[in-house]
Structure formats: structure tokens, C-alpha cells
Amino acid sequence: MNLLDTLNKEQREAASTTTGPLLIIAGAGSGKTRVLTHRIAYLIEEEGVHPWNILAITFTNKAAGEMRERVDKMVGFGSESIWVATFHSTCVRILRRYIDRIGYDTNFTIYDTDDSKTVMKEVCKRLQYDTKVIKEKALLNAISAAKNELIGPTEFALNAQGDLWSQKVADAYREYQAALHKSNALDFDDLLMLTVELFRSCPDVLESYQERFKYIMVDEYQDTNTAQFELIRLLADQSHNLCVVGDDDQSIYKFRGANIHNILDFEKTYPEARVIKLEQNYRSTQSILNAANAVIRNNMERKDKALWTDAGDGEKIHFRPFETAYDEAEFIASDIARKCKAEHLSFGDFAVLYRTNAQSRILEEQFVMEGMPYQVVGGVNFYSRKEIKDVLAYLKTIDNGQDDVAVRRILNVPKRGIGATTISKVQAFADTSDISFFEALVRAREIPSLGNAAGKLEGFATMIRGFRGEMREFNLKQLLADVLETTGYLEELRTSGEEDAQDRVENVEELVSKMAAYEDEAEEPTLSGFLEEVALVADIDSVGEEGERTLLMTMHAAKGLEFEHVYVAGMEDGLFPGYLTISSDDPSDMEEERRLAYVAITRAKKHLTLSCAQKRMIRGETQYNPISRFVREIPEDLLDRPLPEKKSRAVDEYFDDNDSLFTGFGTGRSSGSSYGARSGESEPDRAPGSGVSYGSSGTFSKAVYSYNTKKTPLTGLSRKTPESKKPFMTKGVTTLSKGMPAAGAKPEYNVGDRVKHIKFGEGTVTALEKHERDYQVTVSFDGAGQKIMYAAFAKLQRIE
DNA sequence: CGTACTAGTCTTTTT
DNA sequence: GACTAGTACG
């Protein structure tokens with residue numbers, strides 16, 4: 001019996017093509033993990049490759065763990081020397097060994113986004129940036145993007161010439177990086193960028209890894225960014241035995257730097273590459289696949305392919321519109337409960353997917369009410385909770401005294417009467433003496449004008465050094481217990497009287513058991529090792545295999561998973577696709593959102609239910625959104641019930657070649673009714689080019705309709721452009737509008753006035769036109785160009 | 001120095 | 001609506 005007998009023809013070919021570059025385009029559910037594990041087994045058993053020479057890289061720890069497990073089963077002896085790891089942990093392992101070659105200490109700590117923000121705040125203070133104008137987050141985003149593109153501070157500064165904002169970023173980047181370096185800390189992006197830097201500046205180090213990793217495999221290749229691409233390229237530069245697996249249709253991480261062109265242009269990078277497509281799907285019914293195919297077909301930037309199965313059509317896709325988000329949640333919970341009971345299913349056979357984490361709460365409430373077991377994946381990461389970060393900061397301080405962020409975080413937690421004034425004096429001393437913050441605490445007596453604060457600081461430093469001494473005799477669990485005890489942290493938490501104190505205590509206890517588990521499992525448990533493991537976990541990592549509970553999670557988190565029954569909630573334009581996408585003038589944003597829809601749909605094995613709500617509270621504001629365009633992209637005969645008609649012509653019909661904005665608002669004159677049972681009442685009058693809505697709006701205090709069209713590859717729509725609508729067409733108009741529909745009143749500004757918009761900043765009013773129910777205002781913004789909007793929605797403020 | 005209130009932001013997604 | 005950071009006040 002051959003190792004590859006259980007694979008289909010394409011899979012077999014993919015698993016047995018071992019030399020040279022290989023691109024496996026693996027559609028959803030086409031068995032790519034199977035192929036990868038078989039390929040590894042084939043390499044070892046059929047080709048006699050030493051396991052030591054194999055590198056398999058994934059994105060999440062969960063994926064790495066699963067692959068490890070499956071490979072272990074297939075390969076047996078020697079499989080432990082295969083390097084199976086995530087990008088980030090791979091880099092950490094390499095850097096722990098060699099980072100001293102590029103000027104860092106090998107016991108560096110890893111900063112999460114919170115820590116980075118703290119550092120950036122300091123940087124902004126030092127550079128005297130007004131953080132109301134220059135946001136820390138914006139700077140960090142820009143820096144992160146640069147790092148993902150392997151652009152260091154120096155190069156960034158060179159490129160920034162002539163651009164004011166870029167120069168600001170460049171200065172912040174330089175300072176930020178210096179601060180990290182001083183704290184001997186790396187952020188997530190540094191892990192990748194510095195590994196590449198290490199390889200580029202130390203050819204001998206690179207060579208040693210090239211010699212080790214003769215066969216490289218990369219999973220989820222469509223999500224790699226430029227830094228990851230370069231890392232892989234360097235490692236594979238000798239052997240060229242590089243096998244990448246991915247699905248361009250499932251590329252959903254552009255926002256964090258993923259470059260879909262890595263997969264689309266693989267054959268350009270490696271002209272000798274073989275390409276194998278896996279299109280047979282072993283997961284879903286043909287109906288589900290047809291729906292997924294129909295949606296993704298609307299994307300332009302993709303490799304042509306279509307999933308198929310021989311499993312049969314299965315049942316139709318359920319579409320359930322509701323009046324409110326509450327109704328929707330109620331339906332989902334009760335439907336799952338009903339099916340579980342009637343068909344003797346496990347709650348674990350179900351998953352509910354949504355676009356934003358904020359949607360989980362209302363669903364959770366219903367699950368609680370029905371008494372159903374569930375687990376919300378994501379949301380606030382366990383390791384980013386305040387109490388966990390506090391405790392970890394103690395451990396980091398003990399582990400690496402150079403980590404200023406950690407030291408400052410806990411210096412006065414629990415309260416030791418050390419205030420901001422004292423801290424800034426210490427910081428100033430540390431800066432002028434060019435020592436770490438912690439070192440400054442040790443030498444507190446040398447700092448002038450501290451008074452009796454010096455004693456407190458010394459006491460703190462002595463305590464920390466006491467903990468360090470304990471590391472020699474105590475194990476990790478004892479050390480942590482002593483930290484919690486001696487610092488009085490747990491005590492303070494218990495007696496704080498805060499409402500969620502009990503939860504927090506439990507979280508800390510959870511951390512204690514995680515540490516104990518680490519100590520039991522790790523070969524050589526160290527404090528650094530624990531902190532490192534903890535720094536690199538993702539939400540999805542904690543989702544175990546089995547479980548009698550329904551998972552609630554974002555569509556992003558669901559990638560790679562599958563369920564018998566899948567509910568996708570909130571299929572509404574404005575929510576999914578999100579309004580930011582709808583109003584974006586980059587068409588690839590909508591394509592990314594559509595790929596997300598594709599991912600969501602293809603999670604379902606047998607039963608898929610799409611639902612939406614006409615009315616929903618988002619960010620404390622009631623919104624009225626139409627049915628998602630992604631639902632409308634599914635052929636109606638695949639759905640179990642007809643879609644309500646759009647109540648007006650498709651917005652696309654109004655325009656042909658420009659991005660345009662249309663807003664309208666309901667009148668609130670008829671009672672709200674759900675789609676299925678719309679009253680026969682005439683629809684509200686609409687301002688020209690008003691948004692599409694279904695049904696009539698009920699009485700409400702706030703409503704939002706926002707529309708924006710662009711050149712979409714939507715087929716079958718005529719593109720009539722009535723002359724009367726022409727005046728509304730403006731080049732480059734992209735916005736969203738929201739606010740009270742208290743329209744009609746003349747705005748307090750006039751043509752020529754300077755106004756301020758919440759998103760676009762300042763500009764000059766160039767036109768003001770009275771319309772049926774609102775004023776239409778045209779503004780030429782200083783930074784964002786010309787925009788046309790309705791006065792009631794735009795919330796423009798006149799400035800002097 | 002610590003507490004209590006206010007304003008602003010967020011909600012797209014994460015290693 | 002919920003959280004957080006910043007400010008005013010005790």
C-alpha cells in the first residue's frame with residue numbers, strides 16, 4: 001500500500017512533487033493540510049530526506065500544533081526534529097540565538113500592541129507631538145506598515161523627504177525604534193524584519209539555516225506579507241525546494257500587511273515553478289459551493305477556479321431577514337437549540353459567524369437565555385486583560401530589567417504611593433545617565449529632590465531583586481505564587497471592591513495554572529520561555545478540538561475551521577461589507593471583503609443560514625441597513641426563499657464611471673415592518689439619489705443610509721444614467737454620512753465659509769443647494785479633496 | 001497623590 | 001454603548 005493512495009490525482013501530484021518551487025492553489029476544503037502532511041511523510045519515507053531538513057511554517061500556533069500532531073502520527077520516529085512553527089516563533093527561535101550579531105541582547109522581550117502604544121506615547125511626548133492631531137495609533141500603523149515592507153527607520157526617513165506627515169512618522173519611527181532597542185524589546189513586526197536584517201547582514205547565519213532547511217513548506221501563503229515573503233525567499237535561495245500552499249480567494253489579512261501578490265505572482269518570482277490546483281472540495285455540499293463560487297466570481301484579482309464536489313447538492317441555503325438584531329439573535333439561538341434537540345446534534349456542530357466582535361454580545365445574551373453552551377472566540381484577548389498584563393509585567397521585570405515598559409507599569413501597582421512626579425524624575429535621571437529605568441530605581445539615592453520617595457523606589461527594586469534570587473531555588477510556579485503574595489497584588493484585587501474583582505482573581509489563577517502547565521510540558525522550562533510563549537498566542541489557539549458548545553466568532557477567526565451548521569449573522573451592507581469598505585475608493589478593499597464572505601460561506605459543511613436585520617444598533621446608533629450585496633450575489637435559486645426586492649433602482653444605475661455618494665433618509669412615518677410582510681404603504685419620498693432601503697422605516701430617532709457606488713463587476717445591471725441625476729455625480733466623492741435625519745434647517749454656514757468635518761478635516765464650502773428635504777453642501781477639503789454631502793448628515797462645523 | 005468625572009474614540013479583522 | 005485616557009478637584 002502506497003503512502004499516497006488515499007489522495008486524489010492532484011493531491012498526489014502535489015505531495016510527490018518535492019523538488020523545485022511548487023505552488024499549490026488549494027481551494028477551501030480541498031484537503032490542503034492532508035496534502036502537506038502527506039508530502040512531509042513522502043519526503044521522509046520515500047525520498048529519505050532527513051526530518052531535520054524540513055521546515056513547515058504556519059500562521060497560528062493552532063495550525064502548527066495540528067500539523068505537528070498529524071505529522072507525528074504519519075511519520076513516527078524522527079518527526080520531532082521537523083521544524084513546524086509559526087512565522088513569529090520561527091523568528092524568535094532564530095533571533096534568540098543570533099540577534100546579538102545585530103546589536104540586541106538575546107534575552108529580548110516581545111512587546112504587544114499595548115506596550116508599543118505606551119512606548120509611542122513617550123515618543124510623542126519627547127517629540128512634542130500634539131496627540132490630538134498626530135495619533136499614536138496612526139504612527140504605529142504607519143511604522144508597522146513600513147516594517148512589513150522591510151523599510152527601516154533610516155530608509156523611511158530618506159523616502160519621507162518632502163512629505164510633512166511622512167517626516168513626522170520618520171522622526172517617531174527613529175525614536176520609537178531607539179526606545180525599543182534601549183528596552184531590549186522587539187515588537188511583533190520587528191521579529192520578522194530583524195530576522196531578515198540578520199540574514200542579510202550575516203551571510204554565515206543565513207547559510208547555516210539554508211543548509212538545514214532543504215525543504216520548506218508554507219501554509220496560508222496568501223496571507224504572507226513582504227517581510228515574510230523575503231524571509232522565505234532567503235531561506236529557500238539555495239535549494240529552491242519551496243512549496244507554498246494557499247488560496248488567493250481566502251486572502252483576508254491585507255489590513256495587516258498581507259500581500260496577495262505574493263501568491264498571485266509566485267510564478268513570476270519562480271518562473272520554473274509548478275502550479276497545481278486543488279478544486280475538488282471534500283467539505284461542503286454543491287449548493288454551498290455554488291453560492292461561494294457565485295460570490296467570489298465578482299472579484300477581478302484572482303486566479304480562476306471553481307470548487308466542486310461529488311457529495312451532491314444538499315439543501316438550499318437558508319436566508320432569514322429580521323426586523324431587528326435582537327430578533328435575529330433570538331432566531332439563531334432558538335434555531336440551534338431546536339435542531340440540537342430534534343436531530344440529536346451536538347452544540348459543537350454549530351458555529352455563528354459575524355463581521356465584528358461587537359456583534360457577539362447580543363448573540364451571547366440569547367445563548368445565555370436559552371441556557372445553551374457556547375464559547376466566544378476572540379474579543380478581548382486573555383493576555384491583554386489588565387490583571388494579566390500586570391502580573392506578566394512583574395515577571396518581565398524579573399526576567400529582563402531593561403524592559404522599561406513593564407517596570408513602569410507595575411512600579412505603583414499595587415499602590416505604593418509613587419506618583420507621576422517621582423516617575424518623571426526617575427525617567428529624567430535614567431535618560432541623562434543613559435541607564436535603564438530599573439537601574440535608576442536601584443540608584444534612587446543619587447536622584448536629587450526625591451525626598452522619601454527614594455526609599456519607596458529602593459524598596460521596590462530590592463523586592464524585584466529578591467524575586468530574581470528566588471529563581472535559583474524556586475520553580476516557576478513557586479516564584480509566581482510568591483510574586484502574587486509578596487507584592488500584595490492578589491490581596492489588593494480581592495479587597496478592591498470592584499464589581500468584577502472575582503473574575504479578575506480567577507483570571508490570575510488561570511494564569512497560574514497556565515504557568516504550571518507550561519512548566520510540566522516544556523523540556524526546559526524558563527521564565528523567558530514562558531513569557532515568549534504567552535506573547536505569541538492568538539485567540540484561535542485556545543479553541544480545542546472537541547467540545548459540546550457552539551462557537552461564536554468573527555469570520556476572520558473562522559478561517560480554517562469547518563462546521564455542519566454555520567450561521568452568518570449581520571448580512572447587511574454597512575456592516576458586511578462594512579461601511580469603511582463601501583466608502584473606500586480602493587476597489588481591492590471590496591474584493592477583500594468579498595473574500596471574507598467566501599471564507600464564511602465555505603465554513604459550512606451541510607447547512608448554511610444567512611441572516612440580517614433591518615434595524616441594528618451600532619456604536620450606540622440605530623442604523624437601517626439594506627441586505628448585503630453578497631447575499632444578492634448568490635443566485636436566487638440557491639436560496640430557500642426569495643429575496644425582498646430592492647425598493648429602488650440599484651444605485652449603480654445612477655452612475656457609470658465615478659465613485660459617488662448618495663444619502664437619503666426615511667421619513668419615519670409608517671410603522672416598521674419586516675421584509676417578508678411589508679405594508680403596502682408607499683415608500684418614503686426620497687431625495688434624488690437616495691439610498692436603497694427595504695420596507696419603510698419605523699419611528700426612530702436616528703437613522704443612517706449611506707450609499708456609495710463604484711465600478712463594481714456586478715453583472716446584469718443596466719447603467720442608465722438619467723440626466724436629472726447628473727448633478728450629483730462628482731469625481732472622487734467617497735464618504736459615509738450619518739447623523740440625525742433632522743433635515744431641512746438651513747445650515748449655519750454659507751458658501752465661502754471654512755468648515756470642519758469629523759473625518760475629512762477642514763475645508764471650504766464651495767456650494768450650498770436647497771433640496772427637497774435637506775441642503776446639499778459641497779466642500780473642498782484641504783486634505784481630502786471635494787466632497788458632496790447632505791447637510792443634516794455631514795455634521796459640518798463652521799470654523800473661523 | 002489619588003479619585004471622580006468627562007470627552008473622545010471605537011468597531012473590521014491579529015501574530 | 002462601552003471603554004479608555006485625560007483632567008479637575010479633593
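These numbers come from the heavy atoms of this one structure, side chains and all, not from hydrogens, waters or symmetry mates. Numbers restart at 1 for each chain; the letters A, B, ... are given by sequence-line order, proteins then strands.
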> Hey, is the side chain of Asn412(A) poking within less than 4.0 Å of OP1 or OP2 on dG2(B), counting only N and O atoms?
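So the side-chain polar atoms of Asn412(A) do come within 4.0 Å of the phosphate oxygens OP1 or OP2 of dG2(B), strictly under.
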> Would you say Thr356(A) reaches dT13(B)'s phosphate, i.e. side-chain N/O to OP1/OP2 under 4.0 Å?
no
> Nearest whole angstrom, please: distance from the C1' of dA5(C) to the CE of Met120(A).
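These atoms are roughly 17 Å apart.
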> Taking the inter-plane angle between the rings of Phe188(A) and His88(A) on a 0 to 90° scale, is it parallel (under 30°), tilted (30 to 60°) or perpendicular (over 60°)?
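Ring orientation of Phe188(A) relative to His88(A): perpendicular.
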> Has Tyr253(A) got its ring stacked on the base of dT14(B), with centres under 5.5 Å and planes less than 30° apart?
no
> By the 4.0 Å heavy-atom rule, please label Gly578(A) as base, sugar-phosphate, or nothing.
nothing
> Closest to the Lys415(A) side chain: dG2(B), dG1(C), dT13(B)?
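Of the candidates, dG2(B) comes closest.
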> Ring of Tyr253(A), cation from Arg256(A) - is the NZ or CZ under 6.0 Å from the centre and inside 45° of the axis?
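That pair qualifies as a cation-pi contact.
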> Is it the case that Arg96(A) places NZ or CZ above or below the six-membered ring of Phe108(A), under 6.0 angstrom from the centre and within 45 degrees of the axis?
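Yes, a cation-pi geometry.
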> Could you check how far NZ of Lys389(A) sits from P of dC3(C), rounded to whole Å?
18 Å
> From C-beta outward on Thr421(A), which listed nucleotide comes closest to its side chain: dT14(B), dC1(B), dT11(B)?
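Nearest nucleotide to the side chain: dC1(B).
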> To the nearest Å, how far apart are Lys386(A) NZ and dT4(C) C1'?
9 Å
> State, yes or no, whether a side-chain contact exists between His261(A) and Glu301(A) at a heavy-atom distance under 4.5 Å.
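The answer is yes, as the side chains (C-beta and beyond) meet within the 4.5 Å cut-off.
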> Hey, does Thr422(A) reach any base, or is it just sugar-phosphate, or nothing, if we go heavy atoms under 4.0 Å?
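The answer is sugar-phosphate, as Thr422(A) gets under 4.0 Å only of primed atoms, P, OP1 or OP2.
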> Just to be sure I understand the rule, does Ala420(A) reach a base, reach only the sugar-phosphate, or reach nothing, if contact means heavy atoms closer than 4.0 Å?
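The residue Ala420(A) makes sugar-phosphate contact but no base contact.
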> With sugar-phosphate meaning primed atoms plus P, OP1 and OP2, does Lys132(A) contact a base, only sugar-phosphate, or nothing at under 4.0 Å between heavy atoms?
nothing
> With a non-hydrogen cut-off below 4.0 angstrom, is Asp189(A) in contact with a base, only sugar-phosphate, or nothing?
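Answer is nothing: Asp189(A) stays at 4.0 Å or more from every strand.
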> Hey, is the side chain of Lys117(A) poking within less than 4.0 Å of OP1 or OP2 on dT4(C), counting only N and O atoms?
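It does not, given that no N or O in the side chain of Lys117(A) lies less than 4.0 Å from OP1 or OP2 of dT4(C).
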> Base, sugar-phosphate or nothing for Lys135(A)? Non-hydrogen atoms, less than 4.0 Å.
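Sugar-phosphate: the residue Lys135(A), judged by heavy atoms under 4.0 Å, touches backbone atoms but no base.
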> Between dA2(C), dC10(B), dT14(B), which nucleotide has the shortest distance from any of its atoms to the side chain of Ala557(A)?
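Nearest nucleotide to the side chain: dT14(B).
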> Rounded to whole angstroms, how far apart are CD1 on Ile618(A) and C1' on dA2(C)?
15 Å
> Does OP1 or OP2 of dT11(B) have a side-chain N or O of Lys137(A) closer than 4.0 Å?
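Answer yes for this pair, as a side-chain N or O of Lys137(A) is under 4.0 Å from OP1 or OP2.
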> Would the distance check show the side chain of Asp247(A) and the main-chain N or O of Asp249(A) forming a donor-acceptor pair, the cut-off being under 3.5 Å?
yes
> For Gly417(A) and for Asn61(A), find the nucleotide of DNA chain B with the closest heavy atom, then tell me which residue's nucleotide is more 5'.
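Nearest-nucleotide comparison on DNA chain B picks Gly417(A).
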> Provide, to the nearest angstrom, the distance between the CD atom belonging to Glu621(A) and the P atom belonging to dT11(B).
16 Å
> Select base, sugar-phosphate, or nothing to describe what Phe576(A) touches, counting heavy atoms under 4.0 Å on all strands.
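Counting heavy atoms under 4.0 Å across all strands, no contact is made by Phe576(A).
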> Roughly how many Å is it from NE2 in His88(A) to P in dT14(B), rounded to a whole number?
13 Å
> Taking only the P atom of each, what is the distance from dT13(B) to dT4(C) in whole angstrom?
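Here dT13(B) and dT4(C) have their P atoms 15 Å from each other.
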> Can you tell me the distance, in whole Å, between the CE atom of Met555(A) and the P atom of dT13(B)?
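Going from CE in Met555(A) over to P in dT13(B) covers 12 Å.
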> If you round to the nearest 0.5 Å, how far is OG of Ser611(A) from CD of Glu572(A)?
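Nearest 0.5 Å value for the CD-OG distance: 8.0 Å.
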> Does Thr113(A) have a side-chain nitrogen or oxygen under 4.0 Å from the phosphate oxygens OP1 or OP2 of dT14(B)?
no
> Is Phe255(A) touching bases, backbone alone, or none of the nucleic acid, heavy atoms closer than 4.0 Å?
base
> Between dT14(B) atom C1' and Gln228(A) atom CD, what is the distance in whole Å?
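Result: 12 Å.
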> Answer yes or no: does a side-chain N or O of Arg416(A) lie under 4.0 Å from OP1 or OP2 of dC1(B)?
no
> From the set dG6(C), dG1(C), dT14(B), return the single nucleotide nearest to any side-chain atom of Arg256(A).
dT14(B)
> Would Arg416(A) count as a cation-pi partner of Phe460(A), with NZ or CZ less than 6.0 Å from the six-membered ring centre and within 45° of the ring normal?
no
